[in-house]
Amino acid sequence: MEIDSAIRNCGDRRLQIKYQNATYVIRRAFALYEYAGFPSSICPLALVLGCAVGFCFLSFRIAIAISFASYGHASHLPATLTSPPGGPPDITTRRPTRHHHQASLSGLRTVHPNQLFAMNSSPCGRTVTVSGSDEDQWFVGQRNQSWTPTWLPPDARMPEFQQVAFSFNGGKDSTVLLHLLRAGYFLYQKEMGSFNGNMDSVLKCPIRTIYFETTSTFPEINSFTHETAASYDLQLDIIRLDFKSGLVALLKEKTTKAIFLGTRIGDPNAVGQEQFSPSSDGWPPFMRVNPILDWSYRDVWAFILTCKVPYCILYDKGYTSIGSIYDTDPNASLCIPHHSGNKETFKPAYLLSDGRLERAGRVKKPASKNGNVPIMSNGLMNVNRHQNCSFSASIIAVGDEILGEFVQAEASRGELGRAEVSLGEYLASMSEYLASMGE
Ligand SMILES: Cc1cc2nc3c(=O)[nH]c(=O)nc-3n(C[C@H](O)[C@H](O)[C@H](O)COP(=O)(O)O)c2cc1C
Ligand SMILES: Nc1ncnc2c1ncn2[C@@H]1O[C@H](COP(=O)(O)OP(=O)(O)OP(=O)(O)O)[C@@H](O)[C@H]1O
């Protein structure tokens, strides 16, 4: 897998550790929220998935299916299994691990590509035997518990990535996260013994992906997001609502237990978050998974450049953190002084040496004449981002606040760029100077 090899061979110890930690968080999230249940339509069945383990006993071959999936409540399952009456001598095993589950799932797919069987807990005798084909006999025997076998139609099979989603917006942080997810998916498959050696399957990552698209999104970001989703077979859901309403609608439509985000410490919205953080009060319930929470600006670029992954072209034009067209400019610290008559140019984002200036290009500008950013869009509209902006108004609007301590405190939490702080300090010293002049 190209990402995994690039990191292993790069010699950047810090990046290697960041990568290991992030992919560990991703694998934990897969283990916690994926492969752990069926779609909600067949909940609350306590489900047992069959598995095929080649087993030779006396003169005939029996495949024993033992695998549990219980919608994330594996601890409620019995620890031992016994074979049914008339079957071979008791086979007792410990509670299957996720490893068994994975092995069994792939085994089952091989033997019964179109069917899975599941058991519910209605009483029907002490044990049951489920017959498969002529060659294979499937059974699950269990003490103190009885099961009714239910054959599930093929479309009830649990596809991977049913319950987690990836929030992708084409920005650099979510680009890094995309490739970490691909690497994490590959490592997880290997760990579970279900990697089939087909490298094509790891070049892609068919994870459910959500993208909140607005008319104030940069067209470059928009096209990068769509192209990237197509390149990696992401299952893209485009949401044209604000974050909260969009998530409410999403959770109504699809079971979503966890969402991966490219949030990093330093983002204003990262305050108080951990790698696993439940959504805030008043938000629909899901787990926010932040695998790169502790990554710095430098780490992000080290990863992108080391792994040579494509990123949005705006970062080559001096943008270092991208919000909407109305509040984002190239970062002034990357400006290349222009000769007369020449257009201003900017160095690429990865040359920003002080990561604390990352959000310096996030400036406050009015969104439009009436102050509203329309939500509905086909996402492909090329908007003139400077139309309706009034720069002098924005300076007057923030000037008073900048002079106050409130803004200093906010700025230290990353709410405002350092550029605004310097401006504030400048205005403050000017006002002191004017006061001393008797103004
Ligand atoms: C998938 C997703 C989940 C979010 N969950 C929460 C949440 O639980 N609580 C919250 O206050 N904001 C939540 N937000 C909003 C973000 O904290 C933040 O406002 C948004 O990502 C914009 O960040 P930006 O200003 O850096 O572009 C969520 C956003 C997304 C995309
Ligand atoms: N419009 C959106 N659609 C989907 N996810 C989003 C959207 N906006 C933000 N997110 C999620 O929130 C995370 C943090 O957003 P943030 O803007 O800080 O990072 P970024 O866009 O990836 O990179 P950059 O800081 O360079 O803009 C993103 O990585 C993504 O997971």
Side-chain angles (χ1 to χ4, degrees), residues 22 164-181 207-218 220-222 224-226 228-229 234 236-251 256-274 276-293 295-297 300-301 303-304 311-328 330-331 348-350 352 355 357-362 364 373 375 377 379 414-417:
V164 299
F166 162 42
S167 195
F168 181 56
N169 66 342
K172 63 180 184 313
D173 303 330
S174 60
T175 298
V176 166
L177 181 55
L178 163 66
H179 296 285
L180 290 170
L181 284 168
I207 189 164
R208 276 178 48 205
T209 303
I210 52 172
Y211 171 41
F212 294 83
E213 190 178 273
T214 72
T215 47
S216 61
T217 307
F218 280 89
E220 293 88 341
I221 279 282
N222 225 346
F224 179 75
T225 304
H226 287 276
T228 307
L234 306 178
L236 190 65
D237 265 345
I238 298 169
I239 303 175
R240 295 190 177 105
L241 291 167
D242 63 87
F243 290 127
K244 205 193 260 187
S245 325
L247 290 165
V248 169
L250 179 82
L251 265 72
T256 307
K257 291 190 172 173
I259 302 181
F260 288 104
L261 289 137
T263 305
R264 289 191 291 116
I265 289 288
D267 293 348
N269 52 67
V271 178
Q273 287 206 55
E274 307 284 339
F276 287 81
S277 275
S279 49
S280 313
D281 288 348
W283 286 66
F286 57 89
M287 184 62 79
R288 285 176 290 180
V289 185
N290 304 309
I292 60 165
L293 193 67
W295 286 42
S296 67
Y297 184 80
V300 165
W301 281 109
F303 180 89
I304 291 176
Y311 56 85
C312 176
I313 191 178
L314 289 178
Y315 293 106
D316 281 341
K317 297 183 176 174
Y319 290 83
T320 50
S321 173
I322 302 173
S324 84
I325 52 174
Y326 300 111
D327 68 8
T328 314
N331 194 316
Y350 56 81
L352 183 73
L357 297 178
E358 175 179 355
R359 294 176 72 89
R362 295 280 196 115
K364 290 258 179 282
V373 179
I375 296 280
S377 124
E415 287 283 348
L416 292 175

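Each ligand, and each atom within it, is numbered from 1 in the order the structure gives. The figures that follow rest on heavy atoms only: side chains count, while hydrogens, waters and symmetry mates do not.
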For [X], atoms of ligand 1 separated by under 4.0 Å from a heavy atom:
X	answer
L247	2 (C), 3 (C), 4 (C)
R288	5 (N), 6 (C), 7 (C), 8 (O), 9 (N)
S279	8 (O)
L261	1 (C), 2 (C), 30 (C), 31 (C)
S167	1 (C), 31 (C)

Y315 meets the side chain to side chain donor-acceptor pair (under 3.5 Å) criterion, sequence neighbours left out, with none
Sequence neighbours excluded, the answer for side chain to side chain donor-acceptor pair (under 3.5 Å) partners of Y311 is D316
Would you compute the distance between atom [atom1] of [X] and atom [atom2] of [Y] and round it to the nearest 0.5 angstrom?
X	Y	atom1	atom2	value
T175	I304	OG1	CD1	6.0 Å
T256	L247	OG1	CG	8.5 Å
E213	L236	CD	CG	8.5 Å
S324	F218	OG	CZ	7.0 Å
L178	D173	CG	CG	12.5 Å

Among all protein heavy atoms in this structure, tell me which lies nearest to [atom], with the distance rounded to 0.1 Å.
atom	value
atom 22 (O) of ligand 2	S174 N, 2.9 Å
atom 21 (O) of ligand 2	N169 ND2, 2.8 Å
atom 30 (C) of ligand 2	S167 O, 3.3 Å
atom 27 (O) of ligand 2	I322 N, 2.9 Å
atom 22 (C) of ligand 1	F243 CE1, 3.6 Å
atom 8 (O) of ligand 1	S280 N, 2.9 Å
atom 13 (C) of ligand 2	G262 N, 3.8 Å
atom 14 (N) of ligand 1	W283 CH2, 3.4 Å
atom 18 (C) of ligand 1	N269 ND2, 3.3 Å
atom 23 (O) of ligand 2	D173 OD2, 3.3 Å
atom 1 (N) of ligand 2	F212 O, 2.9 Å

Could you tell me which non-hydrogen atom of [X] sits nearest to which non-hydrogen atom of [Y], and how far apart they are?
X	Y	result
S279	W283	CB-CB, 4.1 Å
S296	R264	C-NH1, 3.4 Å
E358	T320	O-OG1, 2.6 Å

### Task
Please state which part of F286 comes within less than 4.0 Å of ligand 1, counting heavy atoms only: side chain, backbone, both or neither.
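Side chain only.
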**Report entry** Ring geometry between F168 and F224 (parallel below 30°, tilted from 30 to 60°, perpendicular above 60°)
**Finding:** tilted
4.0 Å heavy-atom contact, [X] with ligand 2:
X	value
R362	yes
Y315	yes
F166	no

* Asked: Judged by atom type as modelled, is there a donor-acceptor pair below 3.5 Å linking the side chain of S174 to the main-chain atoms of N169?
  -> yes
Exercise. Between D242 (side chain) and S245 (backbone), is there a donor-acceptor pair under 3.5 Å?
Worked result: yes
Fill in: Stepwise side chain to side chain contact (heavy atoms under 4.5 Å, CB included) test for F212 and S167
CA-CA 8 Å; F212 294 83; S167 195; 4.3 Å; yes
Chi angles and distances behind the side chain to side chain contact (heavy atoms under 4.5 Å, CB included) call for H226, I238:
CA-CA 10 Å; H226 287 276; I238 298 169; 3.1 Å; yes
Of all the atoms in ligand 2, which lie at a distance below 4.0 Å from a heavy atom belonging to G171?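 That gives atoms 20 (P), 21 (O), 22 (O), 23 (O) of ligand 2.
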I210 heavy atoms within 4.0 Å reach ligand 2 at atoms 4 (C)
| query | Should T263 be counted as touching ligand 2, given the test is an N or O pair under 3.5 Å? | reply |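 Among all N and O atoms of T263, none is under 3.5 Å from an N or O of ligand 2.
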Honestly, for L261 the part within reach of ligand 2 (heavy atoms, under 4.0 Å) is both
Is ligand 2 under 4.0 Å from a heavy atom in the side chain of T214, in the backbone, in both, or in neither?
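Answer for T214: neither.
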Report the member of D267, V300, I238, T217 with the shortest heavy-atom distance to atom 18 (O) of ligand 2.
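Closest candidate by heavy-atom distance is D267.
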